[in-house]
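Working notes, structure below.
The figures here come from the full heavy-atom set of this structure, side chains too, leaving out hydrogens, waters and symmetry mates. As the structure lists them, so they are numbered: ligands from 1, and atoms in each ligand from 1.
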Amino acid sequence: MSIETDQKNQAEVSATATQVKKRVFSGIQPTGNIHLGNYLGAIRNWVGAQDQYDNIFCIVDLHAITLPINAKELHQNTRKLAALYLACGLDTRYCNLFVQSHVHEHAEMSWIMNCYTPMGWLNRMTQFKTKADENPESVNTGLYCYPVLMACDILLYQTHYVPVGDDQRQHVEITRDIAQRFNSLYKKRVFTLPEAQIRDTGARIMSLENPSKKMSKSDPNPASRINLLDEPKVIKQKIARATTDSLRLVAFDPERPGITNLLTIYQMLTGQPEQEIEAEFAGKGYGDFKAALTDRLVATLEPIQRRYNEYINDMVSLEGILKQGADRVRPQATATLNRVKEVIGLG
Ligand code: ATP
Ligand code: MG
């Protein structure tokens, strides 16, 4: 059977055939404190476009165990991340929010797709190299196969778009490669080929301490990131200490990544064009700019923190939202997995 003549099977497995809206899938690991990079590179974009798409947003706890993590912390981080998703504006009228391990199809499909992914492809993954270098004592097979699990997260839902930060570009590319290879091996369109959605601005917010590295939850230095739940005085301290340079010129300049990163954050929070920001701070020093940036950050995060406290203090409702999300997405995951097994000859 050719790919073209397999449209009928595709329609059966994929709800996308009847969808009016295109499907979006993305996720965040409950590995630590959610920071400004996660917000500006991912969550804020999800919120802004949520009414245009059929959205699935996952808390990827199976990914979180690829590096050592305390059990209690993992459980709590998962709930905290759900509360933050909601506090940032994700709306269950438009989005299904769920926890990856609540839908066991992710793990099952991941084993199967491991057997269809050449090791050579995984050897090229830069995130594995970075994380393995940073955690030499804890490199396990799960960390190596992380991109396959991520591919399965996306492919199970016949996803069209994957809105992520720039660091995840390579993982969406390998997802397409895995899907394409499987479809052509069996000459059936089992998987929709997803596309990464990566914005021009804010897709890689850099560490405040070392602007050659991206801001990360797993960075051992808390001063490297602004967490969404940081108090105003902590934000003030971190911005005051953020690395800049000795030129003391408030201007976007790729040669000066520290000040450029702070300006990018300011630009994303104010929506102002670069020239307007540079004009605003012409003749002023880094102190004035950092004070203005701190004020903007506090004003942006204060309402998120207020809503977060409401959600996290109503655990019954939060658990209910996560259960409902898993119940809603599971039928699509089951359908795709069953189709994959049938095509392979399993069962
Ligand atoms: P970890 O250090 O545990 O990998 P992380 O900060 O990289 O944590 P992830 O859970 O891996 O966060 O990624 C969640 C989402 O946030 C992804 O879409 C990722 O591309 C995006 N993201 C992560 N860091 C940044 C950043 N510094 N700038 C922009 N987007 C980011
Ligand atoms: Mg990451």
Side-chain angles (χ1 to χ4, degrees), residues 24-49 55-70 73-74 77-78 80-82 84-85 88 90 97 99-100 125-135 138 142-143 146-147 149-151 153-154 159 161-175 194-222 224-229 238 242 257-258 260-262 264-265 267-269:
V24 156
F25 179 97
S26 201
I28 298 186
Q29 301 184 76
T31 37
N33 290 306
I34 304 305
H35 54 77
L36 205 58
N38 302 134
Y39 181 65
L40 297 177
I43 306 175
R44 196 175 81 154
N45 302 329
W46 307 349
V47 172
N55 306 283
I56 303 178
F57 296 118
C58 189
I59 296 165
V60 290
D61 56 347
L62 295 173
H63 285 276
I65 59 169
T66 56
L67 285 170
I69 184 162
N70 172 280
E73 203 181 320
L74 175 60
N77 284 351
T78 299
K80 282 183 177 174
L81 181 50
L84 263 178
Y85 274 177
C88 289
L90 290 181
L97 310 180
V99 179
Q100 189 183 28
M125 295 294 111
T126 54
Q127 179 177 286
F128 173 75
K129 287 177 201 159
T130 312
K131 293 209 168 183
D133 287 349
E134 285 168 359
N135 304 275
S138 328
L143 186 66
Y146 180 117
L149 177 59
M150 179 164 160
D153 300 338
I154 296 166
T159 302
Y161 299 120
V162 188
V164 281
D166 182 58
D167 59 305
Q168 294 301 319
R169 187 186 297 276
Q170 200 184 26
H171 286 162
V172 181
E173 275 164 17
I174 195 177
T175 300
E195 276 174 43
Q197 270 183 341
I198 299 171
R199 304 288 168 114
D200 293 337
T201 311
R204 189 175 280 264
I205 300 296
M206 307 311 279
S207 154
L208 299 182
E209 189 224 4
N210 175 359
S212 67
K213 277 185 6 187
K214 83 168 191 74
M215 189 177 282
S216 283
K217 279 185 248 112
S218 55
D219 192 318
N221 180 1
S224 66
R225 62 182 164 263
I226 301 288
N227 302 316
L228 297 195
L229 298 179
K238 287 179 178 176
T260 300
N261 185 41
L262 297 179
T264 303
I265 295 170
Q267 183 184 19
M268 294 203 72
L269 299 180

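Two residues are said to be in side-chain contact when any heavy atoms from C-beta on lie closer than 4.5 Å; Thr31 and Asn77 fail this criterion. Contact check for Gln168 versus Val162: no side-chain heavy atoms found under the 4.5 Å cut-off.
A donor atom on one side chain and an acceptor atom on the other are found under 3.5 Å apart for Thr126 and Gln170.
In terms of heavy atoms, His171 sits closest to Thr175 at O-OG1, 2.7 Å.
At a 4.0 Å heavy-atom cut-off, the residues surrounding ligand 1 are Gly27, Ile28, Gln29, Thr31, His35, Gly37, Asn38, Gly41, Ala42, Lys131, Val164, Gly165, Asp167, Gln168, Gly202, Ala203, Arg204, Ile205, Lys214, Met215, Ser216, Lys217, Ser218, listed by chain and number.
In this structure, Phe57 and Trp46 have parallel ring planes: the angle between them is below the 30° cut-off, well short of the 60° mark.
Ionic pairing of Asp219 and Arg225 is not present here: no N-O contact between side-chain nitrogen and carboxylate oxygen is shorter than 4.0 angstrom.
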